[in-house]
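For reference, the structure is listed below as C-alpha cells.
These values consider heavy atoms only, across backbone and side chains, with no hydrogens, waters or symmetry-generated copies.
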Amino acid sequence: QLALQVFHPVLAHRYAHDRSAGGTLAAALVVYALATTLPVAAVLVVAAPWIVTPILGAAFAPMANVCAMLALAVVPVVVSSVFGYVFMADGRYGLYVWICAGSAAASLAGCVIAFYVWPHADAVGVLAVVATVVAIVSGVAAQRLGLVRFSEVRLRQLAPANVKKILMER
C-alpha cells in the first residue's frame with residue numbers, strides 16, 4: 001500500500017500531461033499489484049496456523065481459518081486501491097467517494113447478513129467476496145472511462161528494474 005502511494009503523484013502528473021501514458025502506467029500498476037499480492041496472500045493462507053498460534057496463543061488456534069479467509073481479501077483490496085489512485089489522479093473524486101461509500105455499505109451489509117446466517121467468526125470471510133466485487137466494479141469503471149490501457153502494457157515494462165525509470169519519467 002505504501003509503495004502505491006509513491007506512484008500517486010506520478011499518476012497525477014501523467015494524467016495531467018499525457019492521458020495515454022497515465023492509462024498505461026495505471027495498467028502496469030494493476031499488474032504489479034496482482035503480481036506482488038497473489039504470492040503474499042497465498043503464503044498467508046498456508047501459514048495462517050503458524051501465524052495465529054504463536055502470536056495469540058493456543059486458545060486462538062481454531063481462528064487460523066479466519067486469518068486465512070481474510071488473507072484472501074489482500075489481493076482485491078490492493079487492486080482496488082490502485083484504481084482508487086487512478087480515479088483521484090484523473091480528478092474523479094466524486095466517483096472515488098461513491099465507490100468507497102458503496103464498499104463500506106456492502107461490507108457492513110455483508111457482515112450483518114453473514115453473521116446473522118452463520119454466527120461464527122469465519123463469517124467474516126464475506127469481506128473477501130465484497131472486496132473482490134469492489135475491485136471488479138472499480139476496474140470496470142476505470143476501463144469504461146478509458147483510465148487504464150492494458151493493451152499498451154508490455155512484459156519488459158514490468159521488470160522491477162524499470163520501476164525507478166517509471167518514477168523518474170516526466
Side-chain angles (χ1 to χ4, degrees), residues 1-11 25-89 93 95-143 148 150 153 155 157-164 166-167:
Q1 188 67 27
L2 182 61
L4 291 174
Q5 290 175 355
V6 171
F7 281 100
H8 183 253
V10 177
L11 267 174
L25 176 59
L29 289 176
V30 170
V31 174
Y32 279 136
L34 283 169
T36 56
T37 57
L38 281 170
V40 170
V43 167
L44 288 172
V45 167
V46 171
W50 295 278
I51 295 170
V52 172
T53 304
I55 293 174
L56 300 174
F60 285 92
M63 294 299 109
N65 63 333
V66 174
C67 177
M69 283 188 281
L70 289 175
L72 296 175
V74 169
V75 176
V77 165
V78 172
V79 169
S80 290
S81 69
V82 173
F83 289 123
Y85 289 127
V86 167
F87 296 139
M88 290 188 293
Y93 305 108
L95 177 59
Y96 177 69
V97 168
W98 277 107
I99 289 175
C100 288
S103 173
S107 296
L108 177 63
C111 282
V112 167
I113 292 167
F115 280 107
Y116 180 76
V117 171
W118 180 254
H120 299 284
D122 54 357
V124 78
V126 74
L127 291 177
V129 175
V130 170
T132 302
V133 170
V134 170
I136 291 169
V137 167
S138 298
V140 168
Q143 183 71 34
V148 291
F150 290 103
V153 177
L155 189 58
Q157 293 171 309
L158 302 174
N162 289 331
V163 172
K164 183 177 181 182
I166 289 170
L167 285 170

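Thr132 places a side-chain N or O within donor-acceptor distance of the main-chain N or O of Ala128, the cut-off being under 3.5 Å.
Partners of Ala114 by side chain to side chain contact (heavy atoms under 4.5 Å, CB included), not counting sequence neighbours, listed by chain and number: Ala123, Val126.
Across Phe115 and His120, no two heavy atoms sit closer than the pair CE2-O, 3.1 Å. What you find for Ser80 and Ala135 is that their closest heavy atoms are OG-CA, 3.0 Å. The shortest non-hydrogen separation linking Gln143 to Phe150 is OE1-CD1, 3.6 Å.
Note that OG of Ser138 is 8.0 Å distant from CG of Leu95, once rounded to the nearest 0.5 Å. Atom SG in Cys111 sits 4.0 Å away from atom CG in Leu127 (nearest 0.5 Å).
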Throw together a table of side-chain donor-acceptor distances under 3.5 angstrom for residues 50-79, partners on residues two or more places apart or in other chains.
unit_1	atom_1	unit_2	atom_2	d
Thr53	OG1	Pro49	O	3.2

- Item | side-chain contact (heavy atoms from CB on, under 4.5 Å) between Val82 and Tyr32, worked out | CA-CA 10 Å; Val82 173; Tyr32 279 136; over 6 Å; no
- Message: Run the side-chain contact (heavy atoms from CB on, under 4.5 Å) test on Val137 and Phe83 for me, step by step, so that the C-alpha distance in whole Å, both residues' side-chain angles and the decisive distance to 0.1 Å come before the verdict.
- Response: CA-CA 10 Å; Val137 167; Phe83 289 123; over 6 Å; no
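Side-chain contact between Leu29 and Leu11 is present, with at least one heavy-atom pair separated by less than 4.5 Å.
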